[in-house]
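All of these numbers come straight from a predicted model, not from anything done at the bench.
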Amino acid sequence: MVGNPGALKVATVEGQNLIVIELSAPADDVGRLVGRDGRTIGAVRTLAEALGQKIGKRIMVDVQASARPRP
């Protein structure tokens, strides 16, 4: 889904009724995660919502551009 899978960072923050999944990717890969008109991330969020209903928690997916390391 991204050009460099090793650069994709996934972190989760879990509360009592909420799970936040934070996806951090280089700026040029964020567009691939979001997809045309937000369709790709929309599909990921729909799957997360379905899982959340199954486990009884709200799940949010957040996409952020990570800073590039300086050479």
Side-chain angles (χ1 to χ4, degrees):
M1 199 171 196
V2 294
N4 182 6
L8 179 66
K9 305 289 184 221
V10 180
T12 59
V13 178
E14 190 167 348
Q16 188 172 356
N17 296 318
L18 175 69
I19 299 172
V20 178
I21 301 171
E22 298 173 345
L23 303 174
S24 180
D28 50 341
D29 283 338
V30 169
R32 290 181 183 174
L33 286 172
V34 172
R36 185 173 295 173
D37 294 328
R39 289 184 187 142
T40 303
I41 194 63
V44 170
R45 287 178 173 153
T46 299
L47 290 172
E49 288 175 21
L51 176 63
Q53 288 179 356
K54 192 168 193 164
I55 64 173
K57 292 189 176 191
R58 184 168 177 225
I59 300 177
M60 295 176 54
V61 179
D62 185 31
V63 178
Q64 300 174 354
S66 62
R68 291 181 182 242
R70 295 186 178 184

(Q) List the residues meeting side chain to side chain contact (heavy atoms under 4.5 Å, CB included) with Ala7, not counting sequence neighbours, and say none if there are none. (A) Asn4, Pro26
(Q) I need the Leu23 CG to Asp29 CG distance, nearest 0.5 Å. (A) 12.0 Å
Q) Where do Ile41 and Val61 land on the side-chain contact (heavy atoms from CB on, under 4.5 Å) test, with the steps shown first? A) CA-CA 8 Å; Ile41 194 63; Val61 179; 3.9 Å; yes
Q: Taking side chain to side chain contact (heavy atoms under 4.5 Å, CB included) as the test, write out the residues that go with Ala11, two or more places apart.
A: Glu22
**Q.** Summary of salt bridge (charged side-chain N to carboxylate O under 4.0 Å, His left out) pairs that have at least one residue in residues 34-49, sequence neighbours excluded
**A.** Asp37-Arg39
**Q.** Validation row: Val30, Val63 side chains within 4.5 angstrom (heavy atoms)
**A.** yes
**Q.** Connected via hydrophobic side-chain network under 4.5 Å: Val10 and Val13
**A.** no
Contacts under 3.5 angstrom, residues 51-60 side chains, donor-acceptor by atom type, not counting sequence neighbours:
| unit_1 | atom_1 | unit_2 | atom_2 | d |
| --- | --- | --- | --- | --- |
| Lys57 | NZ | Glu14 | OE2 | 2.7 |

Q: Report yes if the side chains of Leu33 and Leu8 come closer than 4.5 Å at any heavy-atom pair, otherwise no.
A: yes
**Q.** Smallest separation among heavy atoms of Thr40 and Gly35, with atom names
**A.** OG1-CA, 3.5 Å
